[in-house]
Amino acid sequence: MEARLNVFENAVAGKFMRYINSAGKVLSDSTLPAATQELVKIRASQINGCGFCTDMHTKDAAHAGETAQRLHLVAAWREATVFTDAERAALELVEQGTRIADAAGGVPDEVWGNAAKHYDEDQLAALVSLIALINAYNRVNVIVQQPAGDYRPGMFG
């Protein structure tokens, strides 16, 4: 399988990716817990059907010490007992923020309020920005049909 467009070699796509990677560095350096960041990226990627990002972020999370049990249960987080209340609030926010077009009123106040109970203002800013960023990555990769399965942790950094 080959991507429709090589975003790594195309000048315009490459420049765009460098800019959004810089935005990602701001978020990875934030106080939002790294494990939460990976869970958010995995869940958005699952919802969007982005195999490339799902592959990347599950492998990065495992490489950072995340358990296989938690990784297997991300898609079923509501029924899983292995996530903290804060992680569950982040997973609900990423689902609502990713499926924003499905909700006429956007992200419900209850979902925002629950996240705000667990994260300070800077962490909320990082969480919102991360949701927007991973959705951008997902859209690029889904549109160009970026193949999944060959990612190795650290290969892009």
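On a predicted model such as this, the values are computed, not experimentally measured, just so you know. Scope of the values below: all heavy atoms of this structure, side chains included, with no hydrogens, waters or symmetry mates. Count residues from 1 along the sequence.
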Mind running side chain to side chain contact (heavy atoms under 4.5 Å, CB included) on Phe156 and Tyr151 for me, showing each step along the way?
CA-CA 9 Å; Phe156 293 126; Tyr151 177 79; 3.6 Å; yes
Answer whether the closest heavy-atom distance between the side chains of [X] and [Y] falls below 4.5 Å.
X      : Y     : answer
Ser30  : Gln37 : yes
Arg88  : Thr84 : no
Trp77  : Glu92 : yes
Asn138 : Phe52 : no

Do Leu39 and Arg70 pass the side chain to side chain contact (heavy atoms under 4.5 Å, CB included) test, and can you show the C-alpha distance, the side-chain angles, and the key distance before you say yes or no?
CA-CA 9 Å; Leu39 294 174; Arg70 283 171 43 99; 3.5 Å; yes
Check: Asp55 side chain, Gly51 main-chain N or O, donor-acceptor pair, under 3.5 Å:
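Not confirmed, Asp55 side chain does not pair with Gly51 backbone.
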Using a strict cut-off of less than 4.0 Å between a Lys/Arg side-chain nitrogen and an Asp/Glu carboxylate oxygen, indicate whether Glu95 and Arg99 qualify as a salt bridge.
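Here Glu95 pairs with Arg99 in a salt bridge, since their nearest N and O are under 4.0 Å apart.
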Assess whether side chain to side chain contact (heavy atoms under 4.5 Å, CB included) is satisfied between Gln46 and Ile42, documenting all intermediate values.
CA-CA 6 Å; Gln46 290 172 334; Ile42 292 165; 3.7 Å; yes
Given the rule that I, L, V, M, F, W and Y join up when any side-chain heavy atoms are under 4.5 Å apart, are Val142 and Ile131 in one cluster?
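No, Val142 and Ile131 fall in different hydrophobic clusters.
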Are Val40 and Ile47 connected in a single hydrophobic cluster, I mean Ile/Leu/Val/Met/Phe/Trp/Tyr linked by side-chain heavy atoms less than 4.5 Å apart?
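The answer is no; the residues belong to distinct hydrophobic clusters.
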Side chain to side chain contact (heavy atoms under 4.5 Å, CB included) evaluation trace for Asn114 with Tyr119
CA-CA 9 Å; Asn114 191 32; Tyr119 300 101; over 6 Å; no
So for atom CG, which belongs to Asp109, do other residues, nucleotides or ligands contribute more than 12 heavy atoms lying within a distance under 6.0 Å?
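It does not: Asp109 CG has 12 such atoms or fewer within range.
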Gap separating the CG atom of Leu124 from the CG atom of Leu32, nearest 0.5 angstrom
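These two atoms lie 9.0 Å from each other.
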